[in-house]
Amino acid sequence: MGEGFLGGTTRELVIAALAEKNLKCHEAAVTPQELSHMREVFVTNAIMGIKPVIEVDGRQISGREIGPVTQLVSEIWQKKLESLLKEDA
């Protein structure tokens with residue numbers, strides 16, 4: 001885990017869910033200026049799950065829309081979450 005990243009449960013589960021689909025996750029420490037040049041950025045947390053980042057310090061990311069990768073990750077996360085909830089039921 002890189003500098004500035006918290007080892008949250010949601011983050012770990014999302015990375016594991018992506019690995020199950022043979023998708024790689026790249027984590028890196030970046031500046032706000034670097035973020036504005038990225039096609040897509042998202043964060044994870046326990047309450048919202050996957051949250052797209054569409055703006056940083058007034059700089060647009062991904063045209064202020066949810067990109068296809070973030071959408072795919074959200075769908076994978078939703079299915080994983082549903083699976084985990086069924087296991088606990």
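Remark: the backbone N or O of Arg59 is not paired with any side-chain donor or acceptor of Asp57 at under 3.5 angstrom. When atom types are taken as modelled, the side chain of Glu34 and the backbone of Thr31 share a donor-acceptor pair closer than 3.5 angstrom. Checked by atom type and distance alone, the side chain of Glu40 pairs as donor or acceptor with a backbone atom of Val69 at under 3.5 Å.
Between Cys25 atom SG and Arg11 atom CZ the span is 7.5 Å, to the nearest 0.5 Å. Taking CG of Leu72 as the reference point, atom CG of Leu23 lies at 6.0 Å (rounded to 0.5 Å). Separating the OG1 atom in Thr44 from the CH2 atom in Trp77 is a distance of 8.0 Å, to the nearest 0.5 Å. The CD1 atom of Ile61 sits 8.0 Å away from atom CE of Met38, with the distance rounded to the nearest 0.5 Å.
Considering all non-hydrogen atoms of both residues, His37 and Gln33 come closest at CD2-O, 3.0 Å. Minimum interatomic distance between Thr10 and Ala46 (heavy atoms only, all atoms of both residues): OG1-CA, 3.2 Å. In terms of heavy atoms, Val41 sits closest to Thr70 at O-OG1, 4.4 Å.
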Determine, stepwise, if the pair Leu35 / Val53 fulfils side-chain contact (heavy atoms from CB on, under 4.5 Å).
-> CA-CA 9 Å; Leu35 283 174; Val53 177; 5.6 Å; no
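Linking Ile, Leu, Val, Met, Phe, Trp and Tyr residues whenever their side-chain heavy atoms come within less than 4.5 Å leaves Val43 and Ile66 in two separate clusters. One hydrophobic cluster, built from ILVMFWY side chains closer than 4.5 Å, holds both Val14 and Leu81. When hydrophobic clusters are built by joining Ile, Leu, Val, Met, Phe, Trp and Tyr residues whose side-chain heavy atoms come closer than 4.5 Å, directly or via intermediates, Leu13 is grouped together with Leu85.
Heavy-atom neighbours of Ile15 CD1 from other residues, nucleotides or ligands within 6.0 Å: above the threshold of 12. Dense packing is recorded around NZ of Lys80, with more than 12 heavy atoms of other residues, nucleotides or ligands lying under 6.0 Å away.
In summary, of the residues considered (Glu20, Gln71, Lys21), a side chain to side chain contact (heavy atoms under 4.5 Å, CB included) with Ile76 occurs for Lys21 alone.
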